[in-house]
There are 2 protein chains.
Amino acid sequence: MAQSKSFAAVRIPCELCPLRARETFRDFDSTELGFVSSFKIAELLLEPGTTIIDEGQRHPQLYTALAGWGFRYKILEDGRRQVLNYVLPGDLIGLQGNLMSEMLHSVEALTKMTLCVFERERLTALFQNHPSLAYDLTWIASREESILDEHLLSVGRRTALERAAYLLAFLDHRAQATGVFPEEGPKVLPLTQQHVADTLGLSLVHTNKTLRRLSDAGVVRWLDRGSEVLERGKLFDIAGWQPSVEGMRPFI
Amino acid sequence: MAQSKSFAAVRIPCELCPLRARETFRDFDSTELGFVSSFKIAELLLEPGTTIIDEGQRHPQLYTALAGWGFRYKILEDGRRQVLNYVLPGDLIGLQGNLMSEMLHSVEALTKMTLCVFERERLTALFQNHPSLAYDLTWIASREESILDEHLLSVGRRTALERAAYLLAFLDHRAQATGVFPEEGPKVLPLTQQHVADTLGLSLVHTNKTLRRLSDAGVVRWLDRGSEVLERGKLFDIAGWQPSVEGMRPFI
DNA sequence: CGAGTGGTTGAAACGTGTCAATCCTAGTGG
DNA sequence: CCACTAGGATTGACACGTTTCAACCACTCG
């Protein structure tokens, strides 16, 4: 497992942030922009498999994902792992560490990632001087919460097939909305079946068989280490789920 | 199902808030107290079974539980229900989801409850003028998040017995910490087995058999419509879980 | 070329769900 | 005071979904 974190030679200034250009994300006014610009202390480039945050450790930094995929998870003592959610561009990493001294979950990069690095300490200044950003932070936290609600509903009450369909629909939709997919070429969700299993609360073998049913129905295609959604509508039908229409969302 | 919400004849002023007296909760300074006092527009007294928030509806109010037990849940179209978390005194109700649009989950009273009522609109003023309270809000949201993380781990990866043990340990611990238990008499968690089942993601029958195993082991006792934890330590052992030590927590 | 990771498959064991009764208790109205 | 009722808890039998075990294949990388 690659543990190397390298600081980028070139650091994208927030003024030129590629995310901000996308219509999904709300704009900053110049004051906010100034603060966030100074809030950002570095940029991290990560290889797939890198651990970003380790459960049980103190972690003085916060991150915003700029590019790439990651995932949050927890493990039990005997190694059973539960994936809690996925990290996409615009997502804040490590917010809940602020209260408890130690992090209560881990985060790992799924693909190459770029992260903006912030100093946790400076959150106080953010709350003091930038109410609108403070509001955004709360907004972000409560959005993550509602995603977890839906996941919990899924793992607790949906069947294996529904769960799988929901997960792929959910990820495909989020990926689309945040614009992680390449302009050209297949829009692939970069997960192994082990990740899917650990997200759905199923065994690897059963996950494989469930995904196969989706493949056979022509709804998705499984690639080398990832999958591609072919029939969005059918997935929604199977899952019994629709993405809720979101307007612009904030990000720090 | 009783749907009546009645406004209290007597309204406890925030200055005399009984929760604030407890050592679990952090104190307000006088400015904060003044704001919260004006933020609170009413007090609600609810009968068991009352729906507080309805999924899919806009809900212009926020609440803080002052007394009693409630629970948050989601349901699928065919009626399958998943309990997401329980509401205890000091908990904020209605923060999750898009801060200003439709609710993505429902909330129901489990016992008689008392709620403080706030106007969602005035959140803006809170963020503008009271950074410390804004910070608290984020703290609260991200705490709920870490609880959901643990629940998701539980439902996804723990066995039925571990899950049941975890849930009872978790609730017993929270109840103890917030002081909902009566000073005298048995400390009972006011859930039916149906609630437990819907929290654990299990069927009612299997939940019954699982709880019976815990009863037979003498770890808990099941009462009429609730349970009592007898051996905290053993419960932790079975669950493979320990409550993380929290300092004082904020509440609005 | 061998090793490692990820995916695939079948069979058997096991945990959970479903169905269908029964019991218990608190609350209701005659 | 006694049916009567309704919600909650309990139980056994059986069906079904999921896990586990144990292979094997395909592909990439050093």
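Keep in mind that what you see is a predicted model, and the values were worked out from it rather than measured. Below, chains carry the letters A, B, ... as their sequence lines are ordered, and counting in each starts from 1.
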**Study point:** Whole-Å distance separating the NE2 atom of H206(B) from the C1' atom of dC14(C)
**Key:** 11 Å
Exercise for review: Check every atom of dG17(C), dT10(D), dT19(D) against the side chain of L202(B) and return the nucleotide holding the closest atom.
Suggested key: dG17(C)
**Study point:** Spacing of D224(B) atom CG relative to dC23(C) atom P, expressed in whole Å
**Key:** 18 Å
**Study point:** Length of the line joining W222(A):CH2 and dC27(D):C1', which is rounded to integer Å
**Key:** 16 Å
Review point. Less than 4.0 Å between a side-chain N and a carboxylate O, is that true for E102(B) and R58(B)?
Key: no
**Study point:** Short side-chain N/O contact to dT8(C) OP1/OP2 from N208(A), under 4.0 Å
**Key:** yes
Review point. Salt bridge between E144(B) and R72(B), side-chain N to carboxylate O under 4.0 Å?
Key: yes
Exercise for review: Quickly work out the Q194(B) CD to dT10(D) C1' distance and round it to whole Å.
Suggested key: 14 Å
Review point. Reckon Q193(A) has a side-chain N or O less than 4.0 Å from the OP1 or OP2 of dT8(C)?
Key: yes
Exercise for review: May I ask you to say what T192(A) touches in the nucleic acid, namely base, sugar-phosphate or nothing, with a heavy-atom cut-off under 4.0 Å?
Suggested key: sugar-phosphate
Check your understanding: Looking at the side chain of R225(A), which of dT19(D), dT11(D), dG6(C) is the nearest nucleotide?
Key -> dG6(C)
Point to revise | Side-chain donor/acceptor contact of K209(A) with base of dG7(C) under 3.5 Å | key: no
Point to revise | Closest listed nucleotide, where the reference is the side chain of S203(B) and the choices are dT10(D), dT9(C), dG17(C) | key: dG17(C)
Study note, to complete from the structure: Taken to the nearest whole Å, CG/L211(A) to P/dT9(C) is 12 Å
Review point. Rounding to a whole Å, what distance do you find between R213(A):CZ and dT18(D):C1'?
Key: 12 Å
Practice item. Measure from the side-chain heavy atoms of A160(B) and tell me the nearest of dT16(C), dT10(D), dT18(D). Key: dT16(C)
Check your understanding: Please give, in whole Å, the distance from dC14(C) C1' to L161(B) CG?
Key -> 15 Å
Check your understanding: How many Å lie between CG on D198(A) and P on dT19(D), as a whole number?
Key -> 11 Å
Review point. Is L204(A) touching bases, backbone alone, or none of the nucleic acid, heavy atoms closer than 4.0 Å?
Key: nothing
Check your understanding: Given L152(B), which of T199(A), L152(A), D149(A) fulfils the side-chain contact (heavy atoms from CB on, under 4.5 Å) condition?
Key -> L152(A)
Check your understanding: More 5' along DNA chain C: R212(A) or R157(A), using each one's nearest nucleotide?
Key -> R212(A)
**Study point:** Short N-O contact, E150(A) and K74(B), less than 4.0 angstrom
**Key:** yes
Practice item. For the pair R80(B) and D198(B), find out whether any cationic side-chain nitrogen is under 4.0 Å from an anionic carboxylate oxygen. Key: no
